[in-house]
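Have a look at the structure below before the remarks.
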Protein chains: 2
Amino acid sequence: MAIPRAAKTQRRTRIQEEKEEQILEAALDVFSVHGFRGSTIDQIAEVAGMSKPNLLYYFRTKEAMHRALIDRVLFTWLEPLRAFNAEGDPESEIRSYIRRKLEMARDFPRESRLFANEMLQGAPHVVDELKGPLKSLVDEKAEVIRAWAKAGKIAKCDPYHLIFSIWSTTQHYADFDVQVRAVLGDQHSGEGRFEDAARFLEQLFMGGLSVHPLT
Amino acid sequence: MAIPRAAKTQRRTRIQEEKEEQILEAALDVFSVHGFRGSTIDQIAEVAGMSKPNLLYYFRTKEAMHRALIDRVLFTWLEPLRAFNAEGDPESEIRSYIRRKLEMARDFPRESRLFANEMLQGAPHVVDELKGPLKSLVDEKAEVIRAWAKAGKIAKCDPYHLIFSIWSTTQHYADFDVQVRAVLGDQHSGEGRFEDAARFLEQLFMGGLSVHPLT
DNA sequence: AGATAATTTGACCGATTGGTAAACATTACA
DNA sequence: TGTAATGTTTACCAATCGGTCAAATTATCT
């Protein structure tokens with residue numbers, strides 16, 4: 001019989017697993033640069049090294065590919081925020097959150113750009129996830145930060161905008177990589193740049209959140 | 001005679017000026033959301049309220065439209081950084097730079113997204129401007145900041161990463177507007193959100209750059 | 001090995017893409 | 001007002017788009 005398309009089968013073949021992986025890898029390459037509408041199945045197929053109908057055998061539509069990709073990436077992307085620990089020491093929790101986010105920007109820039117592209121377009125495919133799970137998670141962590149501020153462990157500040165600023169400053173190094181590279185010139189090699197950024201951001205946030213600001 | 005297409009003429013007609021303005025306005029709408037490859041001339045034409053060939057009478061190609069748009073926007077976009085004054089008081093200069101950038105994110109979100117899209121795609125159309133004029137301007141202002149730090153007027157810090165962090169935190173409110181809105185919920189109206197962000201960023205940067213950090 | 005299911009491909013489809021040609025309409029200016 | 005330049009539109013083009021189909025190939029299991 002022809003096929004219940006990959007998705008329908010109960011057990012996943014070894015081939016299915018390999019090829020779907022291969023496809024999503026290529027899709028990440030393409031979608032993260034050109035966004036949903038700017039990407040073509042043909043290009044993804046070429047990067048994946050297989051024919052277009054073969055791609056469409058595993059994912060029925062371009063949208064299905066994009067969705068599968070987003071779903072997979074979304075989970076790991078929020079991992080650092082989930083790891084944010086209410087019981088820990090505020091300063092070191094925030095510090096290590098920043099570092100983790102920066103590491104992700106360094107190690108998974110395509111994933112960062114995939115989301116950035118989606119956001120720029122008004123998040124047509126993930127707006128529900130934003131208003132649901134993401135908001136819940138942020139609300140929870142914001143409450144933790146607020147409690148820390150109330151207890152005088154860090155400066156009083158809007159926890160939501162604090163989180164936004166950590167997101168934006170760290171992801172900037174993935175999303176605006178070209179600009180960063182162009183402005184800094186090619187003298188700073190990859191690892192040096194990363195360490196410079198980490199040191200600066202630590203200084204910025206630790207200073208900005210210290211309990212007794214001088215100004 | 002048929003036409004030396006608009007560009008070639010010496011004096012620009014009233015109609016030329018109006019229509020080109022109309023087109024670039026529509027192009028900004030479309031390009032800022034979908035990026036270069038994701039945008040279509042047809043869609044821009046529809047938004048602009050004119051026929052596709054009419055569009056192509058004023059701009060020969062899609063690329064020409066995009067370039068004209070980028071060129072026009074690039075200048076005003078760097079205005080706040082240019083206004084950065086070496087003679088002024090460091091603290092208030094930085095403070096007002098942040099505020100100006102935040103105001104631009106609020107008042108010109110499409111322009112911000114246009115650039116963000118271009119950066120995500122590796123800046124294929126503006127990489128030269130980045131390495132040239134932009135880098136020069138940033139180099140110049142970075143030197144000013146470095147001098148301030150050396151004179152003990154602000155904390156010692158990497159001036160480049162300081163500038164990056166101001167760019168990213170402020171532009172975040174334009175580029176990731178959907179996310180911000182989703183997370184904050186619709187309770188915070190536009191103006192309130194802006195003021196909250198301004199207050200937080202001011203606290204963050206003034207604290208982070210104060211001369212005697214406690215940590 | 002043989003049968004059956006899973007995988008892959010070339011050929012193809014209608015719709016949309018960026019862009020052109022030429023006829024037509026309008027404007028500006030003597 | 002006439003006419004030349006400017007502006008606009010209809011019809012169209014080849015290329016590419018997302019996606020289908022049926023045939024061919026390969027893997028799996030008895």
Side-chain angles (χ1 to χ4, degrees), chain A residues 1-27 29-31 33-69 121 124-125, chain B residues 1-27 29-31 33-69 121 124-125:
Chain A
M1 199 182 302
I3 6 79
R5 231 120 175 187
K8 261 193 177 178
T9 27
Q10 293 296 358
R11 282 195 289 167
R12 302 193 7 168
T13 319
R14 168 186 55 90
I15 294 183
Q16 267 173 41
E17 223 144 325
E18 286 177 8
K19 290 296 166 100
E20 285 179 12
E21 177 60 38
Q22 218 178 111
I23 292 170
L24 290 182
E25 171 70 20
D29 261 3
V30 177
F31 280 134
V33 172
H34 296 107
F36 182 75
R37 276 185 32 175
S39 302
T40 71
I41 302 184
D42 292 83
Q43 195 185 350
I44 296 172
E46 194 191 323
V47 173
M50 48 180 106
S51 69
K52 178 166 64 169
N54 201 4
L55 262 174
L56 291 163
Y57 171 72
Y58 291 101
F59 297 94
R60 267 194 286 263
T61 65
K62 187 179 161 185
E63 280 223 36
M65 278 185 37
H66 189 256
R67 165 136 299 269
L69 189 57
Q121 288 156 31
H125 306 97
Chain B
M1 198 183 301
I3 5 81
R5 231 120 176 187
K8 262 192 179 177
T9 25
Q10 293 296 357
R11 282 195 289 167
R12 301 190 14 164
T13 320
R14 168 186 57 90
I15 295 184
Q16 267 173 43
E17 222 144 328
E18 286 177 9
K19 290 297 168 99
E20 286 178 11
E21 177 59 37
Q22 218 178 109
I23 292 170
L24 289 182
E25 171 69 20
D29 260 2
V30 178
F31 280 133
V33 172
H34 295 107
F36 182 75
R37 278 186 29 174
S39 303
T40 71
I41 301 183
D42 293 82
Q43 196 184 349
I44 296 172
E46 195 192 324
V47 173
M50 49 180 106
S51 69
K52 177 166 65 168
N54 201 3
L55 262 174
L56 291 164
Y57 172 74
Y58 293 101
F59 298 93
R60 266 194 287 265
T61 65
K62 188 179 161 185
E63 280 223 35
M65 277 184 40
H66 189 256
R67 165 137 298 269
L69 189 57
Q121 288 156 31
H125 305 97

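Below, read A as the first sequence line, B as the second, and so on, with proteins coming before strands; counting in each chain starts at 1.
- Note: CE (Met65(B)) to P (dG18(C)) measures 10 Å, nearest angstrom.
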Can you give me the N/O atom pairs linking the protein to nucleotides 16-19 of chain D at distances under 3.5 Å, or say none if there are none?
from    : atom 1 : to       : atom 2 : distance (Å)
dG18(D) : OP1    : Ser39(A) : O      : 3.1
dG18(D) : OP1    : Lys62(A) : NZ     : 3.1
dG18(D) : OP2    : Ile41(A) : N      : 3.0
dG18(D) : N7     : Lys52(A) : NZ     : 3.0
dG19(D) : OP2    : Lys62(A) : N      : 2.8
dG19(D) : O6     : Lys52(A) : NZ     : 3.3

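- Using a 4.0 Å cut-off, some side-chain N or O of Tyr58(A) falls inside it from OP1 or OP2 of dT8(C).
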Could you go through residues 38-47 of chain A and list every donor-acceptor pair under 3.5 Å that involves a side-chain atom there, pairing it with any protein atom two or more places apart or in another chain?
from     : atom 1 : to       : atom 2 : distance (Å)
Ser39(A) : OG     : Val30(A) : O      : 3.4
Ser39(A) : OG     : Gly35(A) : O      : 2.6
Thr40(A) : OG1    : Gln43(A) : N      : 3.1
Gln43(A) : OE1    : Arg37(B) : NH1    : 3.4
Gln43(A) : OE1    : Arg37(B) : NH2    : 2.7

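- Here the P atom of nucleotide dA27(D) and the CD atom of Gln16(A) are 15 Å apart, to the nearest Å.
- Partners of Glu63(B) by side chain to side chain donor-acceptor pair (under 3.5 Å), not counting sequence neighbours: none found.
- The ring pair (Phe, Tyr, Trp, His ring centres under 6.0 Å) test applied to His34(B) returns no partner, not counting sequence neighbours.
- Heavy-atom minimum distance, Leu56(B) versus Arg60(B): CD2-O, 3.4 Å.
- Residues Ala68(A) and Phe59(A) approach most closely at CB-CE2, 3.7 Å, considering heavy atoms.
- Leu55(B) places its CG atom 14 Å from the P atom of dT17(C), with the value rounded to the nearest Å.
- Nearest heavy-atom pair, Val33(B) versus Gln121(A), reported as atom, atom and distance to 0.1 Å: O-CG, 2.8 Å.
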Produce the list of close N/O pairs, under 3.5 Å, pairing protein atoms with atoms of nucleotides 24-28 of chain C; give distances to one decimal.
from    : atom 1 : to       : atom 2 : distance (Å)
dA28(C) : OP1    : Arg14(B) : NH2    : 3.1

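- When rounded to the nearest whole Å, the span between CG of Asn54(A) and P of dC21(D) equals 17 Å.
- Atoms CZ (Phe59(B)) and C1' (dG7(D)) sit 15 Å apart, rounded to a whole Å.
- A 4.5 Å side-chain heavy-atom check between Phe31(B) and Lys62(B) finds at least one atom pair inside the cut-off.
- In this model, the phosphate group of dT9(D) is approached by a side-chain N or O of Ser51(B) to a distance below 4.0 Å at OP1 or OP2.
- For Glu25(B), the salt bridge (Lys or Arg N to Asp or Glu O under 4.0 Å) partners are Arg110(B), not counting sequence neighbours.
- In this structure, NE2 of His66(B) is placed 17 Å from P of dT17(C), rounded to the nearest angstrom.
- Side-chain proximity of Lys19(B) to dT8(D), dT7(C), dT9(C): nearest is dT8(D).
- Atoms CD (Glu18(B)) and C1' (dG7(D)) sit 13 Å apart, rounded to a whole Å.
- One can place OH of Tyr57(A) at 13 Å from P of dA5(C), the figure rounded to the nearest angstrom.
- Scored by the side chain to side chain donor-acceptor pair (under 3.5 Å) test, Gln22(A) finds no partners at all (sequence neighbours excluded).
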